[in-house]
Amino acid sequence: MEAPAATSPAIGFPTDGRCSYFVEKKKRFCRMVVAAGKRFCGEHAGSAEEENARKRILCPLDPKHTVYEDQLAKHLKKCNSREKPKPDFFIQDINAGLKDETEIPEQLAPFSSLSEEQLENLIKKLRKASEGLNSTHEDHIMSHPALHDALNDPRNGDCAVKHLKQQVDGKHRKKNSVFERLQIDIQHLCLNRIPVLREGRLPVVGIGKHLCGVATDLALRCLVETYAASFKEKDEEPLAKRVKNDKTEKESNTLAKEGNEKTVPETWSPVAGIVIALCCHHRCEWRHYVGKEYFKALGLGAVEFYYFQRMSSWATCGMRTSLEALDVTPERKDAQRDENEEHEDGGDRLTDGSTDCLPGILTAEEKKKIGHLCKLLIDQGRLQYLQQKGFSPALQYYTDPLVSLENVLLTAVPAHLSTQEKNHQ
């Protein structure tokens, strides 16, 4: 229906060329472009006045929008909510890990319903399991020359600079470079089915900026099991393994044919490196977690993992209080808040220094330390997983906490490459 004429400056008038329908819920006019000579967009066209009594119905694929009933068949073929053909590199749940229903209780008690005794027992288990772990990491804050101009551009505010310091995704492209973007849930991504990787049998480097919770585990399994393992199964010699030295290519081929492959350095690995900025441990899931064996060896299981990943969000429990105490600009404080709001998703976070639903048990500072221990323990399981898969992993701080409180970086290189590098030093 057509909205009455606006009587308040807060409402205003519809923009020329835009729909004249007033959206009551949003307290503004619809912003959709209308056809020439029309007052309303297709979604809000009146049944009698605008489109000769044509009836609109809810789209069966997505009830959030409507469609003309007499054009339903045509709409279903192009609706954005239709099921699209799956690419060759899509394999359902290939990186999800094995699902063992007996390991995961059907219903776990909400964290807020735990008694003081239950909470104390969980914290005791956490502290025992994390004994001997290094709770601090080496600072390794770097900057690439490609970002110099952007970082020093006065037109970039604090928020833009903050992201530039953490990712360089849009800055590494060159005119002659090959850049391909895949839109797929990493849970279903089979790297060895991507044409450019399959045809060239190329080594890959996995880089992720703030892979929230479970996405880190899915990415690790995608690289280490799905891609790297595929070469072992086929027992193929990748093209990139043929390292060229001072000899001519012809001589190298001759040596290889004669069985003198020992003269060629064994420096190739399907996964040449992994660099992942960790984030949102409270969004991890036991089924997908790659460090299950590590937890089990410590006498821990799905139940403890569930509560530890919930408690991990306490690592930033004093965030807003500490921000007010910092001698930084309002813009930097706003940027930091934006960073943390980007990653919040139902964690048991403190916003005002209180103790949330556990009064009298833990102070905000105690909760923060426990949260960091939970993150550390979860990440330690990932390190052991990578070690067992033949990698040399490490945790380090990749940026200042003023840029991001989620400032821990997981890195890994093939163990044999790490050993060779040490021997050359």
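What you see below is based on every heavy atom in this structure, not just the backbone, and it leaves out hydrogens, waters and symmetry mates. Starting from 1, each residue takes its place in the sequence as its number. Keep in mind that this is a model prediction, so the values were computed, not measured.
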Taking the side chain as C-beta and beyond, is there a heavy-atom pair between Ile207 and Ile276 under 4.5 Å?
no
Side chain to side chain contact (heavy atoms under 4.5 Å, CB included) evaluation trace for Arg39 with Tyr21
CA-CA 8 Å; Arg39 296 180 59 198; Tyr21 182 86; over 6 Å; no
Using 0.5 Å steps for rounding, measure from the CG atom of Leu218 to the CG atom of Asp93.
9.5 Å
Kindly indicate whether the side chain of Asp139, heavy atoms from C-beta on, has any atom under 4.5 Å from the side chain of Asp400.
no
So Phe305 and Cys284, do their side chains get closer than 4.5 Å, heavy atoms only?
yes
If you apply the rule side chain to side chain contact (heavy atoms under 4.5 Å, CB included), what do you find for Phe89 with Leu191, and how did you get there?
CA-CA 7 Å; Phe89 47 80; Leu191 281 177; over 6 Å; no
Count the heavy atoms of every other residue, nucleotide or ligand shown that sit under 6.0 Å from NZ of Lys369, and state whether that count exceeds 12.
no
Has Lys124 got more than 12 heavy atoms of other residues, nucleotides or ligands less than 6.0 Å from its NZ?
no
Once you round to the nearest 0.5 Å, how far does OG1 of Thr226 lie from CD1 of Ile94?
4.0 Å
Do the side chains of His65 and Cys79 get nearer than 4.5 Å, heavy atoms only?
yes
Which is it for Val33 and Arg18 under the side chain to side chain contact (heavy atoms under 4.5 Å, CB included) test, yes or no, and what are the steps along the way?
CA-CA 5 Å; Val33 177; Arg18 304 285 176 168; 3.2 Å; yes
Can you name the nearest heavy-atom pair linking Pro393 to Leu383, along with the distance?
CG-O, 3.4 Å
Which heavy atom of Gly213 sits nearest to which heavy atom of Arg382, and what is that distance?
O-NH2, 3.2 Å
Heavy-atom side-chain contact between Val290 and Val224 under 4.5 Å
no
I want to check something: taking the side chain as every heavy atom from C-beta on, are Leu72 and Pro60 in contact at a cut-off of under 4.5 Å?
yes
Between Glu406 and Cys280 (side chain of the first, backbone of the second, donor and acceptor by atom type, cut-off under 3.5 Å), is there such a pair?
yes
Keeping the roles fixed (side chain from Ser115, backbone from Gln118), state whether a donor-acceptor pair exists under 3.5 Å.
yes
Check: Arg221 side chain, His288 main-chain N or O, donor-acceptor pair, under 3.5 Å
yes
Check whether more than 12 heavy atoms from other residues, nucleotides or ligands sit under 6.0 Å from atom CG of Asn80, and answer yes or no.
no
Examine distances only and state if a side-chain atom of Gln384 and a backbone atom of Gly381 form a donor-acceptor pair shorter than 3.5 Å.
no
Is it the case that the side chains of Glu225 and Tyr385 hold a donor-acceptor pair, with the cut-off being a distance below 3.5 Å and no angle test?
yes
Does Lys86 NZ have over 12 foreign heavy atoms under 6.0 Å away?
yes
Can you label the angle between the Phe90 ring and the His188 ring as parallel, tilted or perpendicular, going by 30° and 60°?
tilted
Ring-plane angle category for His137 and Tyr397, please: parallel below 30°, perpendicular beyond 60°, tilted otherwise.
tilted
Should the heavy atoms of other residues, nucleotides or ligands under 6.0 Å from CD of Glu117 be counted, would the total exceed 12?
no
Verdict with reasoning, Lys209 to Ser404, per side chain to side chain contact (heavy atoms under 4.5 Å, CB included):
CA-CA 12 Å; Lys209 188 254 183 183; Ser404 174; over 6 Å; no
Working to the nearest 0.5 angstrom, can you tell me the gap between Leu377 CG and Tyr294 OH?
5.0 Å
Could you tell me if the side chain of Phe40 sits less than 4.5 Å from the side chain of Met32, heavy atoms only?
no
Checking His372 now: which residues fulfil ring-ring contact (aromatic ring centres under 6.0 Å, His included) with it, not counting sequence neighbours?
none
Correct closest heavy-atom pair for Phe308 and Leu122 would be CE2-O, 3.5 Å
Test item: Leu220 and Thr216 side chains (from C-beta on) under 4.5 Å apart, heavy atoms
yes
Roughly how far, to the nearest 0.5 Å, is CZ of Arg283 from OG of Ser312?
12.0 Å
Flag, side chain of Asn95 to backbone of Ile186, donor-acceptor distance under 3.5 Å:
yes
Heavy-atom pair with the smallest gap, counting every atom of Ser113 and Ala109
OG-CB, 3.7 Å
Any donor-acceptor pair under 3.5 Å from Arg82 side chain to Leu76 backbone:
no
How far does CE of Met311 sit from CG of Leu119, to the nearest 0.5 angstrom?
6.0 Å
Distance col, row Glu366:CD vs Trp314:CH2, nearest 0.5 angstrom, shows 10.0 Å
Between Arg56 and Thr66 (side chain of the first, backbone of the second, donor and acceptor by atom type, cut-off under 3.5 Å), is there such a pair?
yes
Donor-acceptor contact below 3.5 Å, side chain Arg198 vs main chain Arg193
yes
Applying side-chain contact (heavy atoms from CB on, under 4.5 Å) between Val204 and each of Ile194, Asn192, Val271, report the one that passes.
Val271
Minimal non-hydrogen separation, Ser130 against Leu126, with atom names
OG-O, 2.8 Å
Heavy atoms only: give me the nearest His282-Gln309 pair and the separation to one decimal.
O-OE1, 2.5 Å
